[in-house]
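A quick write-up on the structure given underneath.
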Amino acid sequence: MKIVTVIGARPQFIKAAAVSREINKYSDIEEIIVHTGQHFDSNMSDIFFKELHIPKPDYNLDINGLSHGAMTGQMLEKIEEVLQKEKPDWTLVYGDTNSTIAGALSASKLHIKTAHVEAGLRSFNMKMPEEINRILTDRISNLLFCPTDQAVENLKNEGFENFDFAKVIKSGDVMQDAAMFYENLAKEPEGIKNKKNFILSTIHRAENTDDPKRITEIFKTLNEIAKETPIILPLHPRTKKILKNLNIDTSNIEIIDPVGYLQMVWLLKNASLVMTDSGGLQKEAFFFKKPCITLRDETEWVELVENGFNKIVGANGEKIKEAYKEMKNKKLDFSKDLYGGGEASKKIVKELRGAL
Ligand code: UDP
């Protein structure tokens, strides 16, 4: 059986690392990896392949730094060429980036079956490029691997039970597989000043970075909180550019370059609280038993909010500070199984093997 895996962005490398490890247990599966190039810097791409032992990509499409339309268009053209040459049984795509929709669309037009890992998530915010990518990818996928009950429910509400070409499976979340596997390999990032009782923060979503009011308010508030509790913030290149252009004061925050996943796991293990607009980090806070404050207006991971592990505060300074006071000392019971307990990759590969 032949699988073409299409990945291109940081969270996809981590998810693919978990599934590829499982695929590699079977000598009858050949996995061809296509790296679209969406993320290409050494600390946003190479470090993940190296440290997580992801097989070297068979194809590097080197498509980056373009507008959404141009990027997706070029990916479609190049992925189509790869699929026509490789003729796989399955195309495997992850998450919600332009690489995801480009992989799924190229495959479906060639009548090659598509499996979508992390299917069914919805923020119900159509202004997010990620939401558009998710909805369209799900609609043309044949195997939809849902990380949560809510994701299964979302697809039901969109009528997926009536689509005879689509099979919806609750697999659990491959991010939990990764967190559990790499937990013991955590690496302290070089040269950090704060080693304990710090807040771990990341900010990179377009809805925050592309709105000068929101980004200014968020960083003003973080800079204030950092006077009381240290904040370590691995800075996404998109945010770095915007902070510089807007001349935003971050002097109290310990800003570091983006880190590899093993360093991120170390930061998660040693932090006392997480403040983020990342999707993945909200769950990782839970996996590493840390309360989380989400600097967005909504989340796809509603089960974390319903169970009190996560608080949604948007970009409102007062709300952020209130949530910080509430969450920093909150005692929570993290024993609940919300994401499948680290068995997702196994279920996904078993299903792919059985589906032929
Ligand atoms: N991550 C990382 N290094 C960083 C920032 C994030 O390894 O400097 C990891 C993080 O732990 C998570 C994934 O990248 O597993 C999430 O990526 P991101 O926040 O870019 O995307 P999202 O999850 O919001 O789609």
Side-chain angles (χ1 to χ4, degrees), residues 2-24 29-108 110 112 114-118 129-130 133-134 137 141 145 174-175 177-178 182 204 236-238 257-262 264 278-280 345 348-349 352:
K2 197 185 222 184
I3 297 175
V4 165
T5 294
V6 179
I7 47 179
R10 180 168 68 185
Q12 292 167 336
F13 305 144
I14 298 161
K15 291 164 201 168
V19 179
S20 287
R21 179 165 324 95
E22 186 61 26
I23 287 176
N24 283 337
I29 313 183
E30 183 188 6
E31 185 181 29
I32 305 286
I33 295 188
V34 180
H35 186 332
T36 61
Q38 196 174 334
H39 284 163
F40 58 94
D41 328 41
S42 63
N43 55 9
M44 296 285 283
S45 172
D46 299 351
I47 189 168
F48 293 93
F49 281 84
K50 219 187 301 148
E51 288 191 344
L52 308 186
H53 301 289
I54 306 168
K56 216 168 143 318
D58 299 272
Y59 295 88
N60 262 305
L61 306 184
D62 196 22
I63 301 165
N64 46 64
L66 300 165
S67 64
H68 280 280
M71 192 192 287
T72 314
Q74 288 199 13
M75 284 178 187
L76 274 175
E77 198 177 335
K78 296 263 179 67
I79 295 168
E80 183 176 66
E81 280 170 24
V82 173
L83 293 177
Q84 275 171 329
K85 186 165 159 234
E86 296 291 345
K87 301 188 174 36
D89 302 292
W90 284 99
T91 299
L92 186 54
V93 297
Y94 292 87
D96 54 21
T97 73
N98 291 336
S99 304
T100 316
I101 178 66
L105 191 51
S106 311
S108 69
L110 294 171
I112 294 168
T114 303
H116 183 204
V117 174
E118 220 177 59
E130 294 90 346
N133 292 336
R134 288 179 197 127
T137 301
S141 290
F145 293 113
V174 295
M175 291 289 260
D177 304 15
Y182 294 107
H204 78 292
H236 193 285
R238 179 222 298 270
D257 283 336
V259 291
Y261 184 64
L262 302 182
M264 198 49 155
S278 158
S345 307
I348 288 169
V349 176
L352 282 168

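If you're wondering where the values come from, they're calculated on a predicted model, not measured in any experiment. In what follows, every heavy atom counts, from backbone to side chain, and hydrogens, waters and symmetry copies are set aside. Along the sequence shown, the residues carry numbers beginning at 1.
Counting only heavy atoms from C-beta outward, the side chains of P237 and D41 approach each other to under 4.5 Å. For the pair Y59/K78, no side-chain contact is recorded, criterion being any heavy-atom separation below 4.5 Å from C-beta on. Residues V6 and V4 are in side-chain contact: their nearest non-hydrogen atoms beyond the backbone lie under 4.5 Å apart. Considering only heavy atoms from C-beta on, L52 comes within 4.5 Å of Y261 through its side chain. Residues S345 and V19 have side chains in contact (heavy-atom distance under 4.5 Å, counting atoms from C-beta outward). The closest side-chain heavy-atom distance from I47 to S42 is not below 4.5 Å.
Across all their heavy atoms, K87 and K2 have their closest contact at O-CD, 4.3 Å. Between A115 and F145, the shortest heavy-atom contact is CB-CE1, 4.0 Å. Closest approach of M175 and G280 over heavy atoms only: CE-CA, 3.8 Å. Minimum interatomic distance between N24 and P55 (heavy atoms only, all atoms of both residues): ND2-CG, 4.1 Å. Summarising the geometry of Q38 relative to S99, their closest heavy-atom pair is OE1-OG, 2.6 Å, with the distance given to 0.1 Å. Here the shortest heavy-atom pairing between T137 and A104 reads CG2-CB, 3.8 Å.
Separating the OG1 atom in T114 from the CH2 atom in W90 is a distance of 8.0 Å, to the nearest 0.5 Å. One distance of note links CD of E77 with CG of L61; it measures 11.0 Å at 0.5 Å rounding. Separation of atoms OG (S108) and CD1 (I101) is listed at 8.0 Å; rounding is to 0.5 Å. For the atom pair E22 CD and D177 CG, the distance stands at 8.5 Å (nearest 0.5 Å). Atom CD1 of I23 and atom CD of E30 lie 11.5 Å apart (nearest 0.5 Å). For the atom pair E130 CD and N98 CG, the distance stands at 9.0 Å (nearest 0.5 Å).
One N or O on the side chain of T100 and one on the backbone of Y94 form a donor-acceptor pair closer than 3.5 Å. At least one donor-acceptor pair under 3.5 Å links the side chain of N64 to the backbone N or O of G37.
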Checking side chain to side chain contact (heavy atoms under 4.5 Å, CB included) for the pair H53/R21: CA distance, chi angles, key distance, verdict? CA-CA 9 Å; H53 301 289; R21 179 165 324 95; over 6 Å; no
Go through the steps for V349 and I29 under the test side chain to side chain contact (heavy atoms under 4.5 Å, CB included), then give the verdict. CA-CA 10 Å; V349 176; I29 313 183; 4.0 Å; yes
Hey, mind stepping through Q12 and T97 against side chain to side chain contact (heavy atoms under 4.5 Å, CB included) and telling me if it holds? CA-CA 9 Å; Q12 292 167 336; T97 73; 2.8 Å; yes
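Each of N43, L262, I14 was scored for a side-chain contact (heavy atoms from CB on, under 4.5 Å) with F48, with one residue passing: I14.
Summarising the local packing, CD of Q84 is surrounded by more than 12 heavy atoms from other residues, nucleotides or ligands at distances under 6.0 Å.
Applying the side-chain contact (heavy atoms from CB on, under 4.5 Å) test to D58 and every residue at least two apart in sequence or in another chain returns I32, I33. Applying the ring pair (Phe, Tyr, Trp, His ring centres under 6.0 Å) test to H204 and every residue at least two apart in sequence or in another chain returns H236.
Taking the six-membered ring where the residue is Trp, the centroids of H35 and F49 are separated by under 6.0 Å.
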